Novice: 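Please read through the structure below; I'll follow up with questions.
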Amino acid sequence: MSQAGQRIGVFVCQCGRNIAGSVDCEAVRAYAEKLPGVVHTTVNRYTCSEPGQAEIRGAIVEHSLDRVVVASCSPRNYEPIFRECVAQVGLNPYLMTMANIREGVSWVHMGDVPAATYKAQEMVEMAVAKARWLQPLTEAVANVAPGALIIGGGIAGIQAALDLADAGHQVYLVEKAPSIGGKMAQLDKTFPTMDCSI
Amino acid sequence: MMDVGRHPKINLMTYSQVESISGYVGNFSVRVRKKTRYVDEDACTACGDCAVACPVTAPDEFQGGLSTRKAIYIPFPQAVPSAYLINADECLGNNPIACGKCRDVCDKDCIDFDTQDEVVEFDAGTVIVATGLDIFDPTGLSEYGYTRYENVITSLEFERLISSSGPTEGHFVRPTDLQRPQRIGFIQCVGSRTLPTPGFPSQGANGRGHPYCSNICCMNTVKDSLLLLDHYPDTDITVYYTDVRAFGKGFEDLYRRSKESGVKYMRGLPGQILEDPATRNLRLMVENTMTGELETNEHEMIVLSLGLVPPEDQDLVKQLLTLSTTEDGFFLESHPKLKPVDAPTRGVFFAGCAEAPKDVKDSVTQASAAAARAQIILNQPTIQLEPVVAWVDPELCTPCGRCVRVCPFHAITGGDAKQKIKATVIEAMCQGCGTCAAECNFSAITIRHFTDQQIIAQIDAALAHHPHQKILAFACNWCSYAGADLAGVSRLQYPPNARVIHTMCSGRVDPDFVLYSFQKGAAVVLVSGCHFGDCHYIDANHHTAKRIERLRSQLERKGVRPERLHLEWVSAAEGQKWAQLMRELEELRQSVTLEEVQDTTELLRSRRKV
């Protein structure tokens with residue numbers, strides 16, 4: 001639930017020159033600072049590096065952050081890493097979100113610093129807006145029953161059954177015909193080796 | 001096969017049918033019916049005395065009906081389990097007074113006419129679907145005369161006739177005169193690569209065949225030709241083909257060997273086969289499409305190289321595991337390139353022809369892959385369930401049942417208006433695509449981590465300043481967002497006016513989000529997702545397409561230019577397409593004036609609030 005008193009931290013990544021080459025990261029940070037709910041902002045050279053992550057963890061503790069926005073690369077790359085990072089200091093990993101200012105900005109608007117910076121600022125604004133509504137989520141855990149059901153005892157079912165059983169798992173192999181072997185058993189020879197099928 | 005029978009970790013249930021499967025990944029409850037064999041499987045030594053005594057003969061299925069077996073029989077000599085069984089429909093012993101000859105001669109006393117089917121129940125963490133294939137039935141192709149002419153046989157009958165364990169003990173003879181045929185023709189693509197014929201089914205007794213390539217038949221015929229020449233070097237073989245597809249490792253060598261051995265390959269399929277009543281030879285007319293000549297050839301035997309079709313009885317498995325099939329009728333995988341072994345239902349995997357026609361090597365490869373994938377689950381005592389799932393607010397659910405109908409994973413139960421049962425999400429089955437939430441007219445469904453509030457907040461932020469200069473873009477995680485990332489990685493340059501909102505699936509895009517964006521002043525709205533067939537949520541993007549279609553007419557009715565709402569499928573590999581799309585949409589955006597945007601806001605003002 002979005003509420004007053006939220007404490008959001010924004011971490012703007014330069015990614016070396018990858019982002020900083022086209023985006024004025026300091027201007028993005030300064031913009032983020034004024035957004036509602038934001039209590040801490042910083043620019044990192046490489047946010048994904050260990051010093052960058054340490055800075056996030058330190059800031060969460062020091063400023064009692066309850067939401068984190070990382071403005072860096074695509075969440076398709078580093079979201080799992082930043083989730084793990086915030087979780088290390090006890091923040092629910094789903095209270096972290098990202099603004100993709102590298103693949104979505106600096107790399108596709110190269111050399112146009114004003115336009116890229118403006119877009120990056122607005123994307124951080126969008127991420128902060130989303131962050132305000134983030135909720136902690138927990139991954140439910142279910143027990144795994146031992147054993148695998150394999151439906152069909154042709155060549156594929158046989159191979160899967162043997163692999164799983166050899167790995168030590170209980171296998172239930174169900175075949176509708178009175179014998180396993182399937183269509184393959186009816187073949188005289190098989191290509192490309194021209195050997196017997198049974 | 002023998003290894004399976006004696007493996008201590010394999011519980012082999014033959015002559016059995018899965019009756020029900022319930023539950024979800026890690027926790028499937030299974031019920032299997034073991035049909036009675038009337039012969040004690042463990043005690044039977046397969047001595048065969050019973051079959052000698054049995055007075056009933058029946059066609060032998062294993063030999064393709066080319067020879068007979070008894071009512072008590074073993075499917076084939078190497079069968080696993082190595083045990084006889086009685087076909088109750090054929091046996092006279094239902095009434096032991098009528099006949100009990102097999103029981104009388106069985107030294108081990110393992111025949112009992114009173115045994116019943118047994119129902120076995122157990123739990124399993126994963127399921128591997130290896131339901132295989134059926135062979136196309138060519139009787140509907142009347143031009144080839146299968147069953148009308150005895151010397152027209154199928155490729156499977158060929159296998160039995162050339163096999164040393166076959167009905168002729170490997171002496172290759174033709175059915176009419178039991179003489180060895182000298183001139184043999186093979187016809188390829190029987191039931192495969194066939195365009196639909198109006199008024200005819202593709203399968204069944206009148207079936208004309210399927211559009212897809214069955215993958216194995218070319219190489220099977222190449223193999224058959226070499227087998228024949230190996231046994232009888234003087235055989236004259238002609239193969240009538242569409243294209244010879246010898247694409248696998250070692251395949252081209254085999255094909256070349258066949259050609260070098262004198263097998264004639266003629267490009268063209270015969271239009272008709274006629275039998276000479278005197279000789280029972282077969283005459284066929286064919287256009288050689290390489291020369292354009294019409295030729296008439298005579299063969300003593302013709303082999304129809306049959307395509308593969310999905311098994312008739314796979315629908316039960318499909319239902320039990322909420323699987324889908326592709327247009328060809330084979331099971332749909334989770335993703336054609338990245339998850340070819342996974343079923344869309346988590347914890348279920350495919351092996352072999354269940355997913356698509358494939359040869360022995362590919363079946364074995366996929367089976368090992370499926371076993372490895374299954375072990376990712378089985379090697380852990382517990383499994384983490386995805387927290388990005390749907391939740392139905394019972395206070396708001398009406399229940400209309402629309403969410404139940406669109407859920408690609410059948411993960412929503414209830415939603416029954418007549419019985420007044422509210423919809424409930426089975427979280428372990430939900431994959432979090434959000435299609436249900438977009439379909440719900442009562443905002444009763446929340447998609448965790450992609451909630452309405454979170455998305456509306458992003459729209460508000462994106463359109464907070466100069467909205468008429470903005471393209472608001474929704475991009476699905478798996479394809480379009482990845483395609484946009486690829487444009488970035490490739491450093492493709494495009495105008496900076498789009499603001500992207502990341503969703504797991506384009507199916508999450510609620511029509512309200514689109515209308516709200518226009519109301520807020522967006523010049524252009526883009527909804528982008530995976531191409532049809534590529535959707536990571538089976539067919540959720542079909543619902544996207546329908547919604548966008550409806551929205552466009554709705555916008556048009558209200559006086560808003562419908563082309564300002566754009567739908568595009570962009571795959572993860574289409575960075576170029578994304579960049580081009582951005583350029584085109586920017587052109588479109590520039591055609592939208594501030595006045596038009598203000599009009600739109602006015603026109604949409606009356607709609608209900610999100």
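Naming: A, B, ... by sequence-line order, numbering from 1 per chain. Please read all numbers here as calculations on a predicted model, not as lab measurements.
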Novice: Going by atom types only, do Q366(B) and D362(B) share a side-chain donor-acceptor pair under 3.5 Å?
Specialist: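 Side-chain D/A pair, Q366(B) to D362(B): absent.
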Novice: Please classify the contact of A161(A) with chain B as side chain, backbone, both or neither, using a heavy-atom distance under 4.5 Å.
Specialist: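 Both parts, backbone and side chain.
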Novice: Taking atom types as modelled, is there a side-chain donor on T47(A) or Q53(A) under 3.5 Å from an acceptor on the other?
Specialist: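 Judged by distance alone, the side chains do not pair up.
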Novice: Measure H465(B) against the heavy atoms of chain A and call it side chain, backbone, both or neither at under 4.5 Å.
Specialist: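 When you check distances to chain A, atoms from both the backbone and side chain of H465(B) fall under 4.5 Å.
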Novice: Would you kindly say whether T382(B) and N143(A) are connected by a side-chain donor-acceptor distance under 3.5 Å?
Specialist: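 No - no donor-acceptor pair under 3.5 Å links their side chains.
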Novice: Side chains of V144(A) and N27(B): closer than 4.5 Å at any heavy-atom pair?
Specialist: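 No, their side chains stay 4.5 Å or more apart.
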Novice: Under a 4.5 Å cutoff for heavy-atom pairs, which residue among V80(B), V120(B), D123(B), D3(B) has the most contacts with chain A?
Specialist: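 Sorted descending by pairs with chain A, the first entry is V80(B).
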Novice: Side chain, backbone, both or neither: which part of M110(A) has a heavy atom under 4.5 Å from chain B?
Specialist: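 It is both, since atoms from each part get that close.
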Novice: Any side-chain donor paired with an acceptor under 3.5 Å for Q170(A) and N11(B)?
Specialist: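 Judged by distance alone, the side chains do not pair up.
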Novice: Taking side chain as everything from C-beta outward and backbone as N, CA, C, O, which of these in Q17(B) sits under 4.5 Å from a heavy atom of chain A? Side chain, backbone, both or neither.
Specialist: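 Both backbone and side chain of Q17(B) come within 4.5 Å of chain A.
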Novice: Measure distances from V30(B) to the heavy atoms of chain A and classify the residue's part below 4.5 Å as side chain, backbone, both or neither.
Specialist: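 Contact with chain A involves the side chain of V30(B) alone.
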Novice: Using non-hydrogen atoms only, which part of K34(B) is less than 4.5 Å away from chain A: side chain, backbone, both, or neither?
Specialist: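 Looking at K34(B), nothing touches chain A.
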Novice: For L254(B), is it the side chain, the backbone, both or neither that has a heavy atom under 4.5 Å from a heavy atom of chain A?
Specialist: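 Looking at L254(B), just its side chain touches chain A.
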Novice: Just give me the residue among G166(B), G125(B), P8(B) that pairs up with chain A most often, heavy atom to heavy atom, under 4.5 Å.
Specialist: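 Winner by heavy-atom pair count: G125(B).
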Novice: Mind ranking M2(B), Q375(B), Q454(B) by heavy-atom pairs under 4.5 Å with chain A and telling me who comes out on top?
Specialist: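 Result: the option with the highest number of such pairs is Q454(B).
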Novice: When heavy-atom pairs shorter than 4.5 Å are enumerated against chain B, which of G157(A), P75(A), C73(A) gives the highest number?
Specialist: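 Max contact count across the listed options: P75(A).
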Novice: So what's closer than 4.5 Å to chain A heavy atoms on P381(B): side chain, backbone, both or neither?
Specialist: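 For P381(B), the backbone is the part near chain A, not the side chain.
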Novice: Checking heavy atoms, do the side chain of H7(B), its backbone, both or neither come under 4.5 Å from chain A?
Specialist: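 For H7(B), side-chain heavy atoms alone lie under 4.5 Å from chain A.
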Novice: Could you name each residue pair satisfying ring-ring contact (aromatic ring centres under 6.0 Å, His included) that touches residues 64-89 of chain A, not counting sequence neighbours?
Specialist: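 Not a single pair qualifies under ring-ring contact (aromatic ring centres under 6.0 Å, His included).
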Novice: Measure distances from F158(B) to the heavy atoms of chain A and classify the residue's part below 4.5 Å as side chain, backbone, both or neither.
Specialist: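 For F158(B), no heavy atom lies under 4.5 Å from chain A.
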Novice: Any sub-3.5 Å donor-acceptor pair from Q14(A)'s side-chain atoms to A20(A)'s backbone N or O?
Specialist: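 Checking the backbone N and O of A20(A) against the side chain of Q14(A), no donor-acceptor pair under 3.5 Å is found.
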Novice: Does a donor on one side chain and an acceptor on the other come within less than 3.5 Å for E139(A) and Y94(A)?
Specialist: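 Indeed, the side chains of E139(A) and Y94(A) share at least one donor-acceptor pair under 3.5 Å.
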Novice: Less than 6.0 angstrom from the centroid, inside 45 degrees of the normal: does K223(B) satisfy that with respect to the ring of F191(A)?
Specialist: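 Ring-cation test returns no.
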Novice: Among N477(B), V500(B), T131(B), which residue forms the greatest number of heavy-atom pairs with chain A at distances under 4.5 Å?
Specialist: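 Option with the greatest count: N477(B).
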Novice: Can you confirm whether E427(B) sits close enough to L385(B) that some side-chain heavy atom of one is under 4.5 Å from a side-chain heavy atom of the other?
Specialist: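 With C-beta onward as the side chain, the pair stays apart.
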Novice: At what distance, to the nearest 0.5 angstrom, does CG of L149(A) lie from OH of Y172(A)?
Specialist: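 Here the interatomic distance stands at 9.5 Å.
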Novice: Do the rings of F11(A) and H40(A) sit parallel, tilted or perpendicular, given the 30° and 60° boundaries?
Specialist: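 Taking H40(A) first and then F11(A), their aromatic rings sit tilted (interplane angle of 30° to 60°).
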Novice: Taking every heavy-atom pair that is under 4.5 Å apart, which of A369(B), A351(B), A579(B), S368(B) has the most such pairs with chain A?
Specialist: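 Top count of heavy-atom pairs under 4.5 Å with chain A: S368(B).
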Novice: Among side-chain atoms of R29(A) and T41(A), is any donor-acceptor pair under 3.5 angstrom?
Specialist: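 There is such a pair between these side chains.
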Novice: Please identify, among G182(A), P192(A), P178(A), the residue contributing the most non-hydrogen atom pairs under 4.5 Å to chain B.
Specialist: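 Highest number of heavy-atom pairs under 4.5 Å: P178(A).
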Novice: Using a 4.5 angstrom heavy-atom cutoff, name the option from N100(A), L35(A), T97(A) with the most pairs to chain B.
Specialist: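 So the answer, after comparing N100(A), L35(A), T97(A), is N100(A).
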Novice: What part of I74(B) is in contact with chain A, defined as an atom under 4.5 angstrom from a non-hydrogen atom: side chain, backbone, both or neither?
Specialist: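 Nothing of I74(B), per the 4.5 Å heavy-atom cut-off to chain A.
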Novice: Give, as side chain, backbone, both or neither, the part of Y73(B) having an atom under 4.5 angstrom from any heavy atom of chain A.
Specialist: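 Contact with chain A: side chain only.
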Novice: If I take atom CG from residue L173(A) and atom CG from residue L162(A), how far apart are they, to the nearest 0.5 angstrom?
Specialist: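 Reported value, rounded in 0.5 Å steps: 9.0 Å.
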Novice: Between V489(B), V388(B), V32(B), who has the most heavy-atom pairs with chain A when the cutoff is under 4.5 Å?
Specialist: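 Highest number of heavy-atom pairs under 4.5 Å: V489(B).
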Novice: At a 4.5 Å cut-off on heavy atoms, which part of N379(B) comes close to chain A: side chain, backbone, both, or neither?
Specialist: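 Contact with chain A involves both backbone and side-chain atoms of N379(B).
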Novice: Any donor and acceptor pair, going by atom type alone, linking the side chain of E175(A) with main-chain N or O of Y15(B) inside 3.5 Å?
Specialist: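 Side chain of E175(A) to backbone of Y15(B): no pair is present.
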Novice: Is A464(B) close to chain A through its backbone or its side chain, or both, or neither, when contacts mean heavy atoms under 4.5 Å?
Specialist: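 For A464(B), the contact with chain A is made by the side chain alone.
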Novice: For E62(A), is there an ion pair with R57(A) - N to carboxylate O distance below 4.0 angstrom?
Specialist: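 Between E62(A) and R57(A) there is no salt bridge, as every charged N stays at least 4.0 Å from the carboxylate O atoms.
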Novice: Does any heavy atom of chain B fall under 4.5 Å from the side chain of T138(A), the backbone, both, or neither of them?
Specialist: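 Contact with chain B: backbone only.
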Novice: Count the heavy-atom pairs under 4.5 Å between each of R76(A), E125(A), R102(A), M123(A) and chain B, then report the option with the highest count.
Specialist: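 The answer is R76(A).
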Novice: Could you check which of I155(A), V105(A), N77(A) has the highest count of heavy-atom pairs closer than 4.5 Å to chain B?
Specialist: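 Between I155(A), V105(A), N77(A), the count favours I155(A).
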Novice: Check whether D112(A) gets within reach of chain B through its side chain, its backbone, both or neither, counting any heavy atom under 4.5 Å.
Specialist: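 Answer is neither: D112(A) stays 4.5 Å or more from chain B.
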Novice: Heavy-atom distance under 4.5 Å to chain A: side chain of R37(B), backbone, both or neither?
Specialist: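 Interface part for R37(B): side chain.
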Novice: Quick one, H109(A) with K119(A), criterion side-chain hydrogen bond (donor to acceptor under 3.5 Å, both in side chains). Give me CA distance, side-chain angles, the key distance, then yes/no.
Specialist: CA-CA 10 Å; H109(A) 313 305; K119(A) 183 175 177 183; 3.1 Å; yes
Novice: With chain B, which of A177(A), A115(A), G152(A) has the greatest number of heavy-atom pairs at distances under 4.5 Å?
Specialist: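 The option with the most such pairs is A177(A).
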Novice: Can you tell me which portion of S82(B) sits under 4.5 Å from chain A's heavy atoms? Options are side chain, backbone, both or neither.
Specialist: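 Answer is neither: S82(B) stays 4.5 Å or more from chain A.
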